[in-house]
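Below is one structure, written out as structure tokens; comments come after it.
Reminder, nothing fancy here: chain letters follow the sequence lines and each chain counts from 1.
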There are 2 protein chains.
Amino acid sequence: MNIDEKDRLILRHLGEDARMPVRELASRVGLSGPATGERIRRLEASGVIARFTVELDLAKLGFPLQAIVRIKPRPGNLHIVEDMIMGEPRFLDCDKVTGEDCFVVRLAVRSIADLDPVLLPFHDRAETNTAIVKSSPLKARNPL
Amino acid sequence: MNIDEKDRLILRHLGEDARMPVRELASRVGLSGPATGERIRRLEASGVIARFTVELDLAKLGFPLQAIVRIKPRPGNLHIVEDMIMGEPRFLDCDKVTGEDCFVVRLAVRSIADLDPVLLPFHDRAETNTAIVKSSPLKARNPL
DNA sequence: CCTGAAACCATGATAAC
DNA sequence: GTTATCATGGTTTCAGG
């Protein structure tokens, strides 16, 4: 699929407000309604738009504390550690990375007291390095 | 604002498909259309729903490579480093954290060759530690 | 391949209860 | 909260460039 400048503009606008009426979006990118609707449909079908979703304020949902944890499983514990991550809903993101560590995860908890219970099961199977998130000046920006 | 179980169910469904018709969402949570619509409106007004957005496939947009970089500014360079991060669109996320490092950022680039030019300007002002993302088994899950 | 207009229909908003 | 009704907006279709 070929993405042109108008597609990128559409994606930028949808990223800011995915419920913008097609007609308004159309006027902003300089196209007609049907043409814009067709582009959205194609971007969705091709998978460039993975899904329409909502961005939540986790603090207001009762998870005001986030941490970024680097996890280095001990020999033989790679798969079990990955399964433990996937099975714990308080882990929001998980990336497998090159370098010293194997996983970099983000987690959200209700309080500082909840941090230890979440990470405790890992201490047998991995070395962890926890950094408390003080603020997030940038969240899920798109590079367009 | 008080969030009950039905609100959490609504948020879960919207997280998977934010364009689900209110009537369908209503039947899934066991409420009427207007009651569900009113709950969505309140969740939005209270900021629990920060915004409706699209999740993009960055690889299909020409940014197939992601990295997680820990950045530790040298003395006196904190603000300039933060400004440099904010001004570079290829940085997707930025968290200020406790511990050894100061920033943990995620970036997306077109190729491995693009990595160095993006990070080069930081070498004067900070120590960086770069981990290439091999895969992301978990992306933006919500803890509900 | 686009635009613009009109018809149609799904959907969100509203009113009354 | 519900149900019934109204109005908005998305999709499709067409004629024309």
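For A:R39 and C:dC2, the shortest distance from a side-chain N or O to OP1 or OP2 is below 4.0 Å. Contact between the side-chain N/O atoms of A:R23 and the OP1/OP2 oxygens of D:dG10 is found at a separation under 4.0 Å.
Rounded to whole Å, atom C1' of D:dG10 lies 16 Å from atom CE of A:M20. Protein atom CG of B:L14 is 11 Å distant from nucleotide atom P of C:dG12, rounded to whole Å. Per the geometry, CG belonging to B:L25 stands 16 Å off C1' belonging to C:dA10, to the nearest Å. If you measure from atom CD1 of B:I40 to atom P of D:dG1, you get 13 Å, rounded to the nearest angstrom. Spacing between atom CD of B:E38 and atom P of D:dT3 amounts to 17 Å, rounded to whole angstrom units.
The CZ atom of B:R8 lies 9.0 Å from the CG atom of B:L11; values are rounded to the nearest 0.5 Å. One finds the CD1 atom of B:I71 at 7.0 Å from the CG atom of B:L119 (value rounded to the nearest 0.5 Å).
Remark on DNA chain D: of its neighbouring residues A:R41 and B:L31, the 5'-side contact belongs to B:L31, judged by nearest-heavy-atom nucleotide. Mapping B:G37 and A:G30 onto DNA chain C by nearest heavy atom places A:G30 closer to the 5' end of the strand.
Counting non-hydrogen atoms under 4.0 angstrom, B:R19 reaches nothing in the nucleic acid.
A donor-acceptor pair under 3.5 Å links the side-chain atoms of B:S111 to the main chain of B:A113, judged by distance alone.
Considering only side-chain atoms of B:S32, the nucleotide from C:dT3, C:dT11, D:dT2 that sits closest is D:dT2. For B:P21, whose side chain is taken as the heavy atoms from C-beta onward, the closest listed nucleotide among D:dT11, C:dG12, D:dG9 is C:dG12. Distances from the side chain of A:V22 to the nucleotides D:dG10, D:dG1, C:dA5 place D:dG10 closest.
By the rule that hydrophobic residues join a cluster once side-chain heavy atoms approach within less than 4.5 Å of another member, B:L25 and B:I49 end up as members of one cluster.
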